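What you see is a predicted model; the values in this text were computed from it and never measured.
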Amino acid sequence: VQLQASGGGTVQPGGSLRLSCAASGDVFSITTMAWYRQAPGKQRELVAIIARGGSAMYGDSVKGRFTISRDNAKGTVFLEMNSLRPEDTAAYYCNAYVYSSGYWGQGTLVTVSS
């Protein structure tokens with residue numbers, strides 16, 4: 001499975017962005033999909049994770065502002081980010097699991113700055 005993330009950019013505080021991550025290969029075997037982020041000098045952290053059936057969990061810092069969704073048929077996962085804050089600035093990475101194997105996409109940079 002290969003993952004290709006897109007949608008990053010620069011936005012002002014309070015703005016919105018939508019990230020997409022498209023998988024190729026055996027997309028019908030993908031179980032969980034997730035978004036992680038890593039800010040400069042910090043460890044990578046979980047932003048949101050979604051099961052194949054649609055149940056989702058979020059990191060405490062993004063609850064109520066971010067929404068994760070997926071299209072199982074297309075092997076695509078989305079991250080709708082609203083009310084963005086400067087502390088959301090990071091490289092965002094998508095992740096997918098096929099049985100017990102995890103796969104990573106390349107990062108897409110999100111910068112929140114006035």
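The stretch residues 43-96 participates, sequence neighbours left out, in these disulfide (SG to SG under 2.5 Å) pairs: C21-C94.
In this structure a side-chain-to-backbone donor-acceptor pair under 3.5 Å is present from R65 to S83. At distances below 3.5 Å, not a single donor-acceptor pair connects side-chain atoms of R37 with backbone N or O atoms of V47.
In terms of heavy-atom proximity, I30 sits nearest to A96 at CG2-CB, 4.0 Å. Residues L19 and M81 share a closest heavy-atom pair of CG-CE, 3.7 Å. Contact record, I68 with A56: CG2-CB, 3.6 Å, taken as the closest heavy-atom pair. Residues V1 and A23 approach most closely at CG1-CB, 4.1 Å, considering heavy atoms.
Linking Ile, Leu, Val, Met, Phe, Trp and Tyr whenever their side-chain heavy atoms come within less than 4.5 Å puts V11 and W35 in one cluster. Two different hydrophobic clusters hold Y97 and Y92 under the rule that ILVMFWY side chains link at heavy-atom gaps under 4.5 Å. Under the 4.5 Å side-chain contact rule for hydrophobic residues, F78 and I50 do not share a cluster.
Remark: R70 CZ to L79 CG distance equals 14.0 Å, nearest 0.5 Å.
At a threshold of 4.0 Å, the pair K63-D60 counts as salt-bridged, since one of the basic side-chain nitrogens sits closer than that to a carboxylate oxygen.
Contact annotation: the side chain of F28 approaches that of R52 to within less than 4.5 Å [non-hydrogen atoms, C-beta and beyond]. For the pair N95 and Y103, the minimum side-chain heavy-atom distance is 4.5 Å or more.
Grouping Ile, Leu, Val, Met, Phe, Trp and Tyr by side-chain contacts under 4.5 Å, direct or through others, puts I49 with Y36, L46, M57, Y93, W104.
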Could you list the donor-acceptor pairs under 3.5 angstrom formed between side-chain atoms of residues 105-114 and any protein atom two or more places apart in sequence or on another chain?
from: Q106; atom 1: OE1; to: A5; atom 2: N; distance (Å): 3.3
from: Q106; atom 1: NE2; to: A5; atom 2: O; distance (Å): 2.8
from: T108; atom 1: OG1; to: G8; atom 2: N; distance (Å): 3.1

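Within a 6.0 Å sphere centred on CD of E87, heavy atoms belonging to other residues, nucleotides or ligands number more than 12. Within a 6.0 Å radius of CD in Q2, other residues, nucleotides and ligands contribute 12 heavy atoms or fewer.
Side chains of S16 and N82: a donor on one and an acceptor on the other come within 3.5 Å.
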